[in-house]
**Q** 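A single structure is presented below for examination.
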Amino acid sequence: MGKLFSKNKGPKHQAQGFDSIEGGMKSRSNRHEESRHGKYDAGVPAEIHAGNGPVHSDSVVSLAKIQPGLCVSGSKDKTIVLYDYHNHRLEDRWTGHDREITKVCYGIHCRGVFSASRDKTVKLWHRGHASPIREFNRHELVVSAIDLNNDNSLLCSGSRDNTLKLWDVETGQFLRENKTSRNLVTDVKFVADSHLLVQTGEDKEVRLFDTRTMSITHNFPRKQYIQMCCDVSPDGNYCLTCSNGFGGNGCEATLWDLRSLQIIQEYHGHSEALESCIFLPSPGDRPLLATSSRDCSVRVWDQNSRACIAQCTISCSGPLTSLIAYEDNSICVSSFNEGIHELKLYPSEGRLVQRTRF
């Protein structure tokens, strides 16, 4: 697929991706679980391991998942960090944006980290390279959302300039865009095995786009408050969004059916605006969701019954801004004041406990 994805490059320009970490992480993760099994899995840890201090010097605003033990984070300190939270080790740090980071995402096939910024650009980073591999630069205002399709061939970026732009990842070529009046984009997600995108905005709308034309195919009924974030289930059947609000009003998550184009469920319980919502990689017949809020809490919900099955409040954290989750029931959440926390979910016991802060 061209130079960007080629593994066999000369040593001077070798793009290692994350190969050098992934191999070692498997064995290190096993040692981590063995050494900590008694301490953590038997109950609430005696104390939260704070590693070697926070990895960022300012608020952390976005997280991206790679594999258990590895977390990519973007911060208002203008840096992107790759951190091994099992072994409390900083693996890489990228600098190069002129202003704060707004979103990060990871491409498993291209082995690259993408970062969006208030400097109006999106940059692509590779492991072992201090400078960005590629820059996507056509927005006129803050880039507020980014996502990759399943095979990492397409990147979508959304901005406060009222546009969604589609890019060819391998070449960096701008493909097409949609510009809709007053559509200040807050988040965007590709729908698996389709030509669809879901997008949320400050106009309280949730929209579906056809990536082949970047035309709007459906507008869901407008919500009462700004839609802050969205996620799409792995099967592509559902979309989850969360709302701005205050004093419990509007502080909700909403489950949308992408087939019938209807609201299925709403999840109430947070007292302040929700900043992030995700589908958890839940095994079995009990699908779970997670939300984080400006009320300093993370809640885990039963998707079908709407019951909150577990919650964790992180005192003095400030707004909890972003969530990622792994198949080992670890959840990472970023915050304004307290860096990043790793949580452990015990779904059968209804417990969500703090393990690590970094």
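Since we're looking at a predicted model, the values are computed, not measured.
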**Q** Validate the cation-pi geometry between R306 and Y267: distance from NZ or CZ to the six-membered ring centre under 6.0 Å, angle to the ring axis within 45°.
**A** no
**Q** Between D58 and K76, is there a side-chain N and carboxylate O pair less than 4.0 Å apart?
**A** no
**Q** For residues S73 and H56, is any side-chain donor paired with an opposing acceptor at under 3.5 Å?
**A** yes
**Q** Measure across Q354 and T313 and return the closest heavy-atom pair with its distance rounded to 0.1 Å.
**A** NE2-O, 3.7 Å
**Q** Between the side chain of S159 and the main-chain N/O of T163, is any donor-acceptor distance below 3.5 Å?
**A** no
**Q** Which of these passes side-chain contact (heavy atoms from CB on, under 4.5 Å) with L240: C277, S233, C229?
**A** C277
**Q** K204 side chain to R222 main-chain N or O, any donor-acceptor pair under 3.5 Å?
**A** no
**Q** Under 3.5 Å, is there a donor-acceptor pair between the side chain of T180 and the main chain of N183?
**A** no
**Q** Measure from the side-chain N and O atoms of N178 to the backbone N and O of L164, and report whether any donor-acceptor pair falls under 3.5 Å.
**A** no
**Q** Sub-3.5 Å donor-acceptor pair from the side chain of D161 to the main-chain atoms of E140, do we have one?
**A** yes
**Q** If you look at every heavy atom in H270 and S293, which pair is closest and at what distance?
**A** ND1-CB, 3.2 Å
**Q** Closer than 3.5 angstrom, by distance alone: can the side chain of D92 be matched with the main-chain N or O of L82 as a donor-acceptor pair?
**A** no
**Q** Backbone N or O of H109 within a donor-acceptor pair of the N152 side chain at under 3.5 Å?
**A** yes
**Q** Determine whether the side chains of D210 and T213 contain a donor N or O and an acceptor N or O closer than 3.5 Å.
**A** no
**Q** Output the distance between atom CG (D203) and atom CD1 (I226), rounded to the nearest 0.5 Å.
**A** 9.0 Å
**Q** Donor-acceptor pair, distance only, cut-off 3.5 Å: does the side chain of N244 make one with the backbone of A273?
**A** no
**Q** Enumerate, atom names and distances included, each donor-acceptor pair closer than 3.5 Å involving a side-chain atom of residues 246-256, sequence neighbours excluded.
**A**
unit_1: E252; atom_1: OE2; unit_2: K223; atom_2: NZ; d: 2.9
unit_1: T254; atom_1: OG1; unit_2: K223; atom_2: NZ; d: 3.0
unit_1: W256; atom_1: NE1; unit_2: T241; atom_2: OG1; d: 3.0

**Q** Using 30° and 60° as the class limits, which term best fits the ring planes of Y326 and Y85: parallel, tilted or perpendicular?
**A** tilted
**Q** For atom CZ of R160, decide whether the heavy atoms of other residues, nucleotides or ligands shown that lie under 6.0 angstrom number more than 12.
**A** no
**Q** Looking at C230, is its backbone amide N or carbonyl O close enough to the side chain of K189 to form a donor-acceptor pair, meaning the two atoms are under 3.5 Å apart?
**A** yes
**Q** Distance alone, cut at 3.5 Å: any donor-acceptor contact between the side chains of T200 and Q227?
**A** no
**Q** Closer than 3.5 angstrom, by distance alone: can the side chain of K65 be matched with the main-chain N or O of C332 as a donor-acceptor pair?
**A** no
**Q** Please assess K344 against E342 for the test salt bridge (charged side-chain N to carboxylate O under 4.0 Å, His left out), listing each intermediate value before the final yes or no.
**A** CA-CA 7 Å; K344 179 74 172 184; E342 181 209 358; over 6 Å; no
**Q** Between R286 and N304, is a side-chain hydrogen bond (donor to acceptor under 3.5 Å, both in side chains) present by the stated rule, with each step listed?
**A** CA-CA 8 Å; R286 192 187 191 189; N304 297 327; over 6 Å; no
**Q** Within the supplied structure, the quantity of interest is the number of heavy atoms (other residues, nucleotides, ligands) at a distance under 6.0 Å from R259 CZ; does it exceed 12?
**A** yes
**Q** Do S322 and S276 pass the side-chain hydrogen bond (donor to acceptor under 3.5 Å, both in side chains) test, and can you show the C-alpha distance, the side-chain angles, and the key distance before you say yes or no?
**A** CA-CA 5 Å; S322 183; S276 184; 4.6 Å; no
**Q** Each residue besides I309 in its hydrophobic cluster should be listed here, by chain and number; the cluster joins Ile, Leu, Val, Met, Phe, Trp and Tyr at side-chain heavy-atom distances under 4.5 Å.
**A** I278, L280, L288, V298, V300, I314, L320, L323, I331, V333, L343, L345, L352
**Q** Only one of L196, V206, L208 clears side-chain contact (heavy atoms from CB on, under 4.5 Å) with H218; which?
**A** L208
